[in-house]
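Below: the structure, in structure tokens.
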Amino acid sequence: MFKRRALLAAPAVLVAASSQAAGQKVASVQSAGSFDAFINGVRTDAAKVGIKPATLDRAFKGVKVNQRVIELDRKQPEFTLTWEQYRTRIVGEPRISKGRELFAQHRALLARITAQYGVGPGPIMGIWGLESDYGKSTGGFNVIEALATLAWEGRRGAFFRGELMDALKIIDHGDITPERMTGSYAGAMGQPQFMPDSYLRFAVDFSGTGKRDIWGDTGDIFASIANYLAKSGWSERMPWGVPAVLPAGFDAAQAGRENRRTVEQWRSMGVQPAGRSLPAEGMAMVILPGGAAGEAFLVSQANFTAIRRYNPSDFYCLSVGLIGEKVTA
């Protein structure tokens, strides 16, 4: 799934505003081609795959080049955070407290989803909390306009044109109206921030309304996250991971996602899970997000990898696990 990449893990609340220089670049983009001609080409291709004319008329009504979208896409912040800074900002008490209240409110629903998809409430709550602050920050951009702008602008035209076609399929299916299809400037939609392609592959109608509503239906939101993780290889036999105690002189070169061993093999090397036991035969990796002198985690190969398919950042994955654990404890 495409994400906002400046921090490789940053939820929408961390995406920064752009500078005046971006506006000058956008002006030069405007002359690159005819937006109307581009939209006409999309309409022609959409009609060929069976999308109804009425859907296209409604989806593209009033759509224009959104300069703010291009500015944000071109001027994403280039700074990075250390693990300590990121953890303090993301896994803070306000997010945990809010998550605990919502977990108590939705505990029964989450239990039903766990029973069906084999994914516990922890990672669901962690992703929900990180992606949209539990539904508070979902982005206010018209997704069709944002995707059309980025596809026409051309820097990643093929990718965004494909996502635009998928968004039109979603509208044509009747899951959401164009007016309610809102999301980030890059087209990530709803409370779990699915791109249209991910929506088509993973979103589910858990509530049985006939629509896959990741904007407002809590059952559909939770189940869609669970389905995403389940189809990405989540294993209910292992937790996402645990803090680890490393032996003196541990070779940091043995850490990292490429070094995979059973939990028993790690124990034989002196790496001890802290706080809870892990199945001895489970495959795991040692992650040192802050470097050799910082915190250590022993994480499940299957489950850490599943979260990384949602967002390919170790910081993000660790934060999902930590938030979920604290919220559901």
Side-chain angles (χ1 to χ4, degrees), residues 1-3 32-66 69-70 73 116-117 131 138-217 219-232 309-310:
M1 179 185 333
F2 174 82
K3 292 289 177 188
S34 166
F35 186 69
D36 289 342
F38 171 80
I39 293 299
N40 286 336
V42 172
R43 291 175 64 107
T44 298
D45 289 347
K48 289 178 180 176
V49 297
I51 296 175
K52 295 184 286 292
T55 297
L56 298 172
D57 290 342
R58 186 172 182 183
F60 286 118
K61 183 179 180 180
V63 167
K64 60 186 181 301
V65 174
N66 190 315
V69 165
I70 299 175
D73 181 61
Q116 180 163 334
Y117 293 97
E131 288 296 336
T138 60
F141 288 91
N142 176 312
V143 166
I144 295 298
E145 182 170 276
L147 292 173
T149 295
L150 292 172
W152 169 78
E153 182 264 353
R155 189 165 73 89
R156 287 171 288 172
F159 170 79
F160 284 113
R161 199 179 196 281
E163 294 292 344
L164 175 58
M165 293 292 287
D166 287 339
L168 293 170
K169 292 174 185 177
I170 294 166
I171 295 170
D172 199 54
H173 184 267
D175 287 295
I176 192 75
T177 65
E179 296 79 14
R180 283 193 63 224
M181 183 184 266
T182 57
S184 76
Y185 75 88
M189 307 184 304
Q191 297 191 32
Q193 292 287 276
F194 278 10
M195 291 299 290
D197 172 70
S198 295
Y199 179 100
L200 291 177
R201 288 187 291 143
F202 302 118
V204 295
D205 173 25
F206 186 80
S207 299
T209 63
K211 303 178 187 297
R212 297 164 291 178
D213 184 3
I214 62 171
W215 291 265
D217 187 303
D220 291 0
I221 292 161
F222 291 167
S224 295
I225 295 172
N227 189 45
Y228 192 113
L229 293 175
K231 289 185 175 177
S232 296
R309 291 193 177 119
Y310 207 104

Practice problem: Fit a plane to each ring of Phe206 and Tyr117, take the angle between them on a 0 to 90° scale, and name the class: parallel (under 30°), tilted (30 to 60°) or perpendicular (over 60°). | Solution: tilted

Quiz item: Does the ring center of Tyr228 lie less than 6.0 Å from the ring center of Tyr310?
Solution: yes

Exercise. Could you pull out the closest heavy-atom pair between Lys64 and Thr149, with the gap in Å?
Key: O-OG1, 3.6 Å

Exercise. Compare all side-chain heavy atoms of Asp57 with those of Arg43 and state whether any distance is below 4.5 angstrom.
Key: yes

Self-check item: Residues which pass side chain to side chain contact (heavy atoms under 4.5 Å, CB included) with Lys61, listed by chain and number, not counting sequence neighbours
Solution: none

Quiz item: Is a donor on one side and an acceptor on the other found under 3.5 Å between the side chain of Asp172 and the backbone of Ile51?
Solution: no

Exercise. Apply salt bridge (Lys or Arg N to Asp or Glu O under 4.0 Å) to the pair Lys211 and Asp217, showing each step before the final yes or no.
Key: CA-CA 9 Å; Lys211 303 178 187 297; Asp217 187 303; over 6 Å; no

Practice problem: Ignoring hydrogens and angles, tell me if any N or O in the side chain of Ser224 forms a donor-acceptor pair with the backbone of Val204 under 3.5 Å. | Solution: yes

Quiz prompt | Main-chain N/O of Thr209 paired to Ser207 side chain as donor or acceptor, under 3.5 Å | solution = no

Exercise. Check step by step if salt bridge (Lys or Arg N to Asp or Glu O under 4.0 Å) holds for Lys169 and Asp166.
Key: CA-CA 5 Å; Lys169 292 174 185 177; Asp166 287 339; 3.8 Å; yes

Exercise. Might you point out which heavy atoms bring Ile39 and Ala148 nearest each other, and give the distance in Å?
Key: CD1-CB, 3.9 Å

Quiz item: If you measure from CG on Leu150 to CZ on Arg155, what distance do you get to the nearest 0.5 Å?
Solution: 8.5 Å

Exercise. May I have the step-by-step check of side-chain contact (heavy atoms from CB on, under 4.5 Å) for Leu168 and Val42, ending in yes or no?
Key: CA-CA 10 Å; Leu168 293 170; Val42 172; 4.0 Å; yes

Practice problem: List the atom of Pro196, the atom of Leu147, and the distance in Å for their closest heavy-atom pair. | Solution: CG-CD1, 3.9 Å

Quiz item: Considering all heavy atoms of both residues, which atom of Glu131 and which atom of Gln191 are nearest to each other, and what is their separation?
Solution: CB-O, 3.9 Å

Quiz item: Can you name the closest pair of heavy atoms from Asp205 and Asp220 and give their distance?
Solution: C-OD1, 3.5 Å

Quiz item: So, does Trp152 use its side chain to make a donor-acceptor pair with the main chain of Val65 at under 3.5 Å?
Solution: no

Quiz item: Between Lys231 and Arg201, which heavy-atom pair has the shortest distance, and what is it?
Solution: NZ-O, 3.9 Å

Quiz item: So Ile170 and Met189, side-chain contact (heavy atoms from CB on, under 4.5 Å) or not? Walk me through it.
Solution: CA-CA 12 Å; Ile170 294 166; Met189 307 184 304; 3.9 Å; yes

Quiz prompt | Centroid-centroid distance, Tyr199 to Phe194, less than 6.0 Å | solution = no

Quiz item: Got a sec, which residues hit side-chain hydrogen bond (donor to acceptor under 3.5 Å, both in side chains) with Asn227, two or more places apart in sequence or on another chain?
Solution: none

